[in-house]
Structure formats: C-alpha cells, structure tokens
K.L.:
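Dropping a structure here in structure tokens format, bear with me for questions.
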Number of protein chains: 2
Amino acid sequence: MERDFLKELEFLGVTARLKRLSDNLSYSIKDLYQQKDLDIEPSWHLVILLLKKQESSTMSEIADLLQLSQAAATKMLNKMIQKGYLISVRDEKDNRKKMIQLSDKAKLELPKFEKVWNAGQSSIRDILQSNTDFLNNLSDFEDKLKEKSFQQRALEHL
Amino acid sequence: MERDFLKELEFLGVTARLKRLSDNLSYSIKDLYQQKDLDIEPSWHLVILLLKKQESSTMSEIADLLQLSQAAATKMLNKMIQKGYLISVRDEKDNRKKMIQLSDKAKLELPKFEKVWNAGQSSIRDILQSNTDFLNNLSDFEDKLKEKSFQQRALEHL
DNA sequence: TATATTTGCTTAACCAGTTAAGTAAATATT
DNA sequence: AATATTTACTTAACTGGTTAAGCAAATATA
C-alpha cells in the first residue's frame, strides 16, 4: 500500500479528499462520454433529467434546484442551447424570464444518453453495495452544513 | 423541508452531491481565511503541512503526494512562491528539479495558520461526531475507485 | 403617476482543476 | 560519441465553479 498523505492528515484532509473524489468522478464521466461519443459534459444530465420530469423551467429555477449560482446556470444553459440540446422561449407574461425546454434533438438522443446514465447509476450502486450507509452519512454531512456552515463552526472554535 | 432535486436522483445524483459538498466547503474555507485575514487559498495548507513534515520536496513529488497533475502543482506552487510562502532552489545534482521549502515568512506565520486550521479540524470533527462511519465509508469509496475506475465499471454495464 | 426597489439574466474577472504540447536536462542505447 | 528516450517543469487552451457589477423588465411605494 502506497502512502496517502491526505489520509495522514485525518480531519484536515477530509475536504481535500472530497474534492479529489468528486474530481475523479467528473473526469471519469467525461472520459466515458467521450468513449461513447456523447457530446455532453458531466452535470448536463442534471438539467436534462430535470426537464424530462417537468417539461419547462426558468433559468433561475434550474439554478435553484441544482444549487448553482445564477451565473453558473447561465453559462451552462447557454452552452447547452448552443449545442442544440435546449431551447429557450421568452415568457410572454414576464419578459425577463427565459423558459427552458428540451429540444427535439435532446429528446431524440435521450435513450442513448439514458443507457449510459443507467450504466453509471449501476456503477455507483456497485461501489456502494458493501457501503450501505454512505448515502445516509452523506445526507447527514449535508444536513449538518445546512444547520451551520463550516465557516461559522470554525469561527466558534477560535 | 424544501425540495432537493439532487437527492431525488438517488444514485444519479451522488456525484453532483459530492461536488456540491466539496465546493461548499472550499468556498466556506475561503471566506474563513478572508475573515481571519489569512492571505492563502484553500488547499495551500496541504503543501505547508507537507513541507513542515518533510522539510523539502520537489514539485513532482508534491504533485504526487497531493494527487494533482503536475501542471496543477506548478501553478499552485509558483503562486505560493510568488506570495512569498515558499522558496525554490535548483537541485545541484539534477538541474531539472526544483527543491521546494517553506520560506521564513511561512514559518513565521505558521502558528497563526495552524490556529485556524485546528479550528477547521474541530469543525469537521463536530460534523462527523454523530457520523462515526463517514471516514471509513469515504475510504471504502476511494478504495473501490482505485480498484476499478468509475468509467471502467460503467463500460462493463453497457 | 413618477420613482424606487426587486427580479432575471448576463458579463467580467477571478478561483482550481484537466489534457496536450513544448523545452531542457539527465539517462539509456546504439 | 552521437542519438534517442525519459523526466521535470512550463505554458496554453479548455472544464466548471465563484462573486461583483450591470442592464432591463416587473413590481412596489410615495
């Protein structure tokens, strides 16, 4: 077993390990898409699945549900529009809003996408098979941070 | 309780949740540093703690131990040098290598840094107090990915 | 009714990471 | 001894996030 400096750091390494894990998965998904000739980015599946479920949504609402800043949502959604996966229609009642929907291209390619996403889902299931508490632990971590931010907790320790 | 779309996605949302959690922590740490007037970035503590432990190291070795690409290490380390926290000396035996060490400034400010890092460590400890398995579950996830990448697993499901 | 505030989206400048291509020094090979 | 390969670091172009500032439309207020 080789040395793992981040593990050596124990509590001081947790943040970095979470980042490493998250990055590892993202780049792995990117590779997978490339290999399967899907011209999409990791994280786009969130938008597509959301719009499959609820047909149409505004940029702000998508930002909200995905817990991104509006600026991040703007960039991602405009790129998806530019790639032809989404269409945006100005809301007639409120001219500021852009209603976002799946394009015909997206609907057409959806089955191909879902095949790959389901394989990804199975992989996560595999990984967590012997690790049944992981999702609960993750939720617990999320809940704790929602209760009180890391920053606030740290300030109280100073 | 408000809606959490990422949780609704179950296994398809895990990656995004890990990213969200990791980002949340990073930006929280950034805020904390700003508030405590520490002119460092999140993740720099990894380098400083490493060099406190082992005095001197090359860029490649640091990249390796932190599990970053060499390009990422170059950028980070050069910025830290530029900020005056590190010094780099060319290895006399091998002129390609740059030996990296803590500067006097870094050593001087170390106690101030460590106070904040310890508070951060305590916060993580708090958060994980009722969640004793988290670190083990995290290790398990990491180990599983080391055994076989996400991508490879997904390909086997296709 | 005119003005002030809020809301929805955009843009700019920054953060941290990646891969790919490039340079120069050390090492291996022929 | 000359050439080819590997190694250490750098740079460029891209990913996807952030905050801050700005614009225009809708809404609230005086």
Side-chain angles (χ1 to χ4, degrees), chain A residues 15-34 39-47 57-64 66-83 86 88-100 151, chain B residues 15-34 39-47 57-64 66-83 86 88-100 151:
Chain A
T15 301
R17 284 166 71 187
L18 286 170
K19 173 152 188 49
R20 179 175 70 179
L21 185 58
S22 156
D23 283 352
N24 178 321
L25 289 169
S26 291
Y27 284 103
S28 208
I29 291 170
K30 206 164 185 168
D31 280 356
L32 176 64
Y33 285 167
Q34 218 151 35
D39 188 24
I40 53 175
E41 301 290 339
S43 82
W44 289 12
H45 73 285
L46 300 174
V47 178
S57 186
T58 67
M59 287 191 154
S60 303
E61 196 190 5
I62 293 174
D64 232 49
L66 268 42
Q67 297 186 49
L68 290 173
S69 67
Q70 189 148 74
T74 294
K75 273 198 284 189
M76 173 174 62
L77 294 171
N78 281 334
K79 196 179 252 172
M80 291 179 77
I81 289 170
Q82 190 213 310
K83 281 278 185 185
L86 302 181
S88 104
V89 185
R90 285 239 169 245
D91 187 341
E92 292 188 353
K93 288 184 186 162
D94 185 338
N95 221 265
R96 293 166 307 178
K97 290 187 185 172
K98 286 187 168 179
M99 303 305 295
I100 308 291
Q151 181 194 9
Chain B
T15 300
R17 283 166 71 187
L18 286 170
K19 173 152 187 49
R20 179 175 69 178
L21 185 58
S22 155
D23 283 352
N24 178 321
L25 288 169
S26 290
Y27 285 102
S28 209
I29 291 170
K30 206 164 185 168
D31 280 356
L32 177 64
Y33 285 167
Q34 219 150 35
D39 189 24
I40 52 176
E41 301 290 339
S43 81
W44 288 12
H45 72 285
L46 300 174
V47 178
S57 185
T58 66
M59 287 191 156
S60 303
E61 196 190 4
I62 294 173
D64 232 49
L66 268 41
Q67 297 184 48
L68 289 173
S69 66
Q70 190 149 74
T74 294
K75 273 197 286 188
M76 175 173 62
L77 294 172
N78 280 335
K79 195 178 255 173
M80 290 179 76
I81 289 169
Q82 188 213 311
K83 283 277 185 184
L86 302 180
S88 105
V89 185
R90 286 235 170 249
D91 187 342
E92 291 188 355
K93 289 183 184 161
D94 185 339
N95 222 266
R96 293 166 306 176
K97 290 186 184 171
K98 286 185 166 178
M99 303 304 295
I100 308 291
Q151 181 193 9

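Below, chains carry the letters A, B, ... as their sequence lines are ordered, and counting in each starts from 1.
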K.L.:
Using whole Å, what does the distance between atom P of nucleotide C/dT10 and atom CD1 of A/Ile81 come to?
P.N.:
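Spelled out: CD1 on A/Ile81 to P on C/dT10 is 8 Å.
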K.L.:
Return the value, rounded to whole Å, for the distance between atom CG of A/Asp94 and atom P of D/dA26.
P.N.:
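Roughly 6 Å, once rounded to whole Å.
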K.L.:
Expressed as a whole number of angstroms, how long is the span from B/Tyr33:OH to D/dT18:P?
P.N.:
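B/Tyr33 atom OH is separated from D/dT18 atom P by 20 Å.
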K.L.:
For A/Ala73, which contact category applies under a 4.0 Å heavy-atom criterion: base, sugar-phosphate, or nothing?
P.N.:
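Counting heavy atoms under 4.0 Å across all strands, no contact is made by A/Ala73.
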K.L.:
Quick check: on DNA chain D, is the nucleotide nearest A/Met76 upstream (toward 5') of the one nearest A/Asn95, or the reverse? Name the residue that is more 5'.
P.N.:
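So the residue in question is A/Met76.
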K.L.:
If each of A/Asp31 and A/Glu61 is mapped to the nucleotide of DNA chain C with the nearest heavy atom, which maps nearer the 5' terminus, i.e. the 5' end?
P.N.:
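Of the two residues, A/Glu61 wins.
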K.L.:
Before accepting this row, confirm whether a basic side-chain N of the pair A/Arg96/A/Asp94 lies closer than 4.0 Å to the acidic partner's carboxylate O.
P.N.:
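Yes, charged N to carboxylate O under 4.0 Å.
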K.L.:
Quick check for you: among D/dT10, C/dA26, D/dG17, whose closest atom lies nearest to any side-chain atom of B/Lys19?
P.N.:
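Nucleotide nearest to B/Lys19's side chain: D/dG17.
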K.L.:
Starting at atom NZ of B/Lys30, determine the distance to atom P of D/dT19, rounded to an integer number of angstrom.
P.N.:
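In whole Å, D/dT19 P and B/Lys30 NZ are 10 Å from each other.
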K.L.:
Taking the nucleotide of DNA chain D with the nearest heavy atom to each, does B/Thr58 or A/Asp91 sit closer to the 5' end?
P.N.:
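Looking at DNA chain D, the more 5' nearest nucleotide goes with B/Thr58.
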K.L.:
Answer yes or no: does a side-chain N or O of A/Thr74 lie under 4.0 Å from OP1 or OP2 of C/dT10?
P.N.:
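Yes, A/Thr74 has a side-chain N/O under 4.0 Å of OP1/OP2 on C/dT10.
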K.L.:
If I compare all heavy atoms of B/Ala63 with all of B/Gln70, which pair ends up nearest, and what's the gap?
P.N.:
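Between these two residues, the closest heavy atoms are CB-CA, 4.1 Å.
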K.L.:
Establish, with yes or no, whether the OP1 or OP2 oxygen of D/dG16 is under 4.0 angstrom from a side-chain nitrogen or oxygen of A/Lys79.
P.N.:
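Affirmative; the distance criterion is met.
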K.L.:
For C/dA26 and B/Lys97 - does any side-chain N or O of the residue sit under 4.0 Å from the phosphate oxygens OP1/OP2?
P.N.:
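For C/dA26, neither OP1 nor OP2 has a side-chain N or O of B/Lys97 closer than 4.0 Å.
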K.L.:
How many whole angstroms separate atom CG of A/Leu77 from atom C1' of D/dG17?
P.N.:
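After rounding, the gap between these two atoms is 14 Å.
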K.L.:
Side-chain contact, heavy-atom cut-off 4.5 Å: B/Asn78 with B/Met59?
P.N.:
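Yes, at least one pair of side-chain atoms sits under 4.5 Å.
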K.L.:
Taking only the side-chain heavy atoms of B/Arg96 (C-beta and beyond), determine which of C/dA24, C/dG17, C/dA20 contains the nearest atom.
P.N.:
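It is C/dA24.
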K.L.:
OP1 or OP2 of D/dT18 versus the side-chain N and O atoms of A/Ser69: is any pair under 4.0 Å?
P.N.:
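For D/dT18, OP1/OP2 do have a side-chain N/O of A/Ser69 under 4.0 Å.
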K.L.:
Could you tell me the separation between the OH atom of A/Tyr27 and the P atom of D/dG17, rounded to a whole number of Å?
P.N.:
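Spelled out: OH on A/Tyr27 to P on D/dG17 is 11 Å.
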K.L.:
Under a 3.5 Å distance rule, please check whether B/Ser22 uses its side chain to pair with a backbone N or O of B/Leu18 as donor and acceptor.
P.N.:
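Pair absent, no side-chain N/O of B/Ser22 close to backbone of B/Leu18.
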K.L.:
Where the side chain of B/Arg90 meets the backbone of B/Met99, is there a donor-acceptor pair that is under 3.5 Å apart?
P.N.:
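No; judged by distance alone, with no hydrogens or angles, the pair does not exist.
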K.L.:
Given atom CD1 of B/Ile100 and atom C1' of D/dT10, what is their separation to the nearest angstrom?
P.N.:
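Distance, rounded to whole Å: 13 Å.
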K.L.:
Between B/Leu66 and B/Met76, is there a side-chain heavy-atom distance shorter than 4.5 Å?
P.N.:
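Yes, their side chains come closer than 4.5 Å.
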K.L.:
Can you see if the side chain of B/Gln70 gets near the phosphate of D/dA8 - specifically, an N or O under 4.0 Å from OP1 or OP2?
P.N.:
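Result: no.
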K.L.:
Ignoring backbone atoms, establish whether B/Ser60 has a side-chain N or O less than 4.0 Å from OP1 or OP2 of D/dC9.
P.N.:
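Result: yes.
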K.L.:
Could you give the CD-to-C1' distance, from B/Glu41 to C/dA16, as a whole number of Å?
P.N.:
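About 9 Å, once rounded to whole Å.
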K.L.:
Base, sugar-phosphate, or nothing for A/Lys75, non-hydrogen atoms under 4.0 angstrom?
P.N.:
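Touches a base.
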